[in-house]
Amino acid sequence: MIDVLSWVLLGVGGLLGVIGGIGIHRFPDFYTRLHAAGTTDTLCAILILLGLGFQAGLSLDAFKLFLIFVFLFFTSPTASHALANAAMHGGLKPQLGRENGSGKA
Amino acid sequence: MKVISFGVLLFALWALLSGYFSPLLLSLGAISVALTLYLANRMNVIDHESYPLHLYSKFPLFFAYIMREIVIANIDVVKEILKIGSKGISPQVIKLPLPQQTDLGRAIYANSITLTPGTVTVELDKNFVTVHALTKEGADELLSGEMSVMIPDQLADK
Amino acid sequence: MYIAVTIAILVTMGLALARALMGPTVYDRIAAVNMFGTKTVLLIAVFALFSGRTDLLDIALVYALINFIGVIAVLRLVEHGDFHSNPESRAKQDKQGSE
């Protein structure tokens with residue numbers, strides 16, 4: 001039972017990774033690509049680590065997997081924000097949709 | 001008080017990471033924990049920001065909330081990626097007010113926005129945060145201010 | 001099943017690498033490299049449990065940290081042109097820029 005659950009988690013995680021990989025090729029500009037990369041950084045990593053955690057059972061390995069998850073959980077948004085901030089300061093203009101209501105002041 | 005609990009935490013981390021419980025290795029761990037505590041105390045970095053004990057009661061609820069948001073936002077972004085023809089996407093740049101009182105609360109809010117796929121914090125200052133959103137729906141959801149209410153944000157009692 | 005997950009992660013890494021090589025801006029490349037690094041961490045973790053050599057998890061842990069620090073360092077370098085470690089060279093550079 002637990003085996004099946006963990007395989008499902010691993011499979012969905014891997015699939016999400018590939019979809020995110022497709023996303024960074026399909027999206028038109030840097031900022032939108034960052035969102036696709038964010039998908040693979042968050043849910044894909046969470047699902048794969050959770051699936052591996054079920055395989056490891058209640059042991060030191062599960063704790064280490066949890067630590068990896070914590071590090072990714074804290075560092076990936078920081079890296080994304082630093083990238084977006086640097087790109088904005090570097091003068092890279094985001095490509096906006098037609099209905100951009102409030103806009104940037 | 002904070003220093004002692006931090007020391008216990010560090011020692012538990014050492015023991016669990018090494019996985020060996022012989023007296024020699026445990027005493028080596030105790031020595032390195034003591035050294036770390038001494039240096040951290042001298043640098044004055046064990047404060048309410050680097051070690052926010054006062055937020056512990058709010059954290060589990062926030063964690064469950066942010067996990068739910070991550071799953072929902074991921075489904076949205078995956079739908080957006082798989083949509084045939086890229087005409088559908090209309091990225092937005094919006095400015096949001098920051099109602100949080102503490103710097104820590106503001107940082108947690110900005111990080112949560114970035115952590116949910118589809119929205120990325122571009123700029124952060126004292127009162128406003130600039131966000132790049134992949135879709136109009138994502139931007140509208142942030143503008144409704146639903147997430148900002150959930151952020152653990154309370155002043156540390158001295 | 002482990003093999004399927006490994007292949008999925010490798011495909012993602014390949015796509016990220018393609019984006020890193022294609023560009024077009026330097027930020028695209030850094031974002032792709034960051035993603036590549038995250039996937040490497042996952043790959044090491046999967047391989048550790050697959051082969052039963054679970055001490056590899058420590059390496060995955062360290063790689064997660066180094067990847068983050070590396071990305072931040074490269075961003076610094078791209079944004080400022082140097083690491084601002086030496087105030088004198090920075091002042092010199094500013095002067096050269098204004099001339």
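In what follows, chains carry the letters A, B, and so on, assigned in the order in which the sequence lines appear, proteins first and then strands, with residues in each chain numbered from 1. Only heavy atoms go into these numbers, but all of them, side chains included; no hydrogens, no water, no symmetry mates.
- The closest side-chain heavy-atom distance from B:I108 to B:F62 is below 4.5 Å.
- Looking at B:I66, the atoms closer than 4.5 Å to chain A (heavy atoms on both sides) all sit in the side chain, from C-beta outward.
- Among B:L16, B:L17, B:L124, the residue making the largest number of heavy-atom pairs under 4.5 Å with chain A is B:L16.
- Within a 6.0 Å sphere centred on CG of B:L35, other residues, nucleotides and ligands contribute more than 12 heavy atoms.
- Side-chain contact check for B:L39 versus B:T36: every heavy-atom pair is 4.5 Å or farther apart.
- When side chains are defined from C-beta on, A:F73 counts as touching B:M67, because their heavy atoms get closer than 4.5 Å.
- Per-residue heavy-atom pair counts under 4.5 Å with chain B were compared for A:L43, A:N85, A:L47, A:L83, and the maximum is reached by A:L43.
- Heavy-atom distances place the backbone of B:A133, and not its side chain, under 4.5 Å from chain A.
- If you measure heavy-atom distances from A:F63 to chain B, the contacts under 4.5 Å come from the side chain alone.
- The two residues A:L34 and A:A84 make their nearest non-hydrogen contact at CD2-CB, 3.9 Å.
- Taking the side chain as every heavy atom from C-beta outward, B:L37 and B:F6 approach each other to under 4.5 Å.
- Annotation: maximal heavy-atom pairing with chain A below 4.5 Å, among B:T114, B:V78, B:N74, B:I70, occurs at B:N74.
- Contacts of B:F128 with chain A are absent, with no heavy-atom separation under 4.5 Å from either backbone or side chain.
- Only the backbone of B:T119 comes within contact range of chain A, judged by heavy atoms closer than 4.5 Å.
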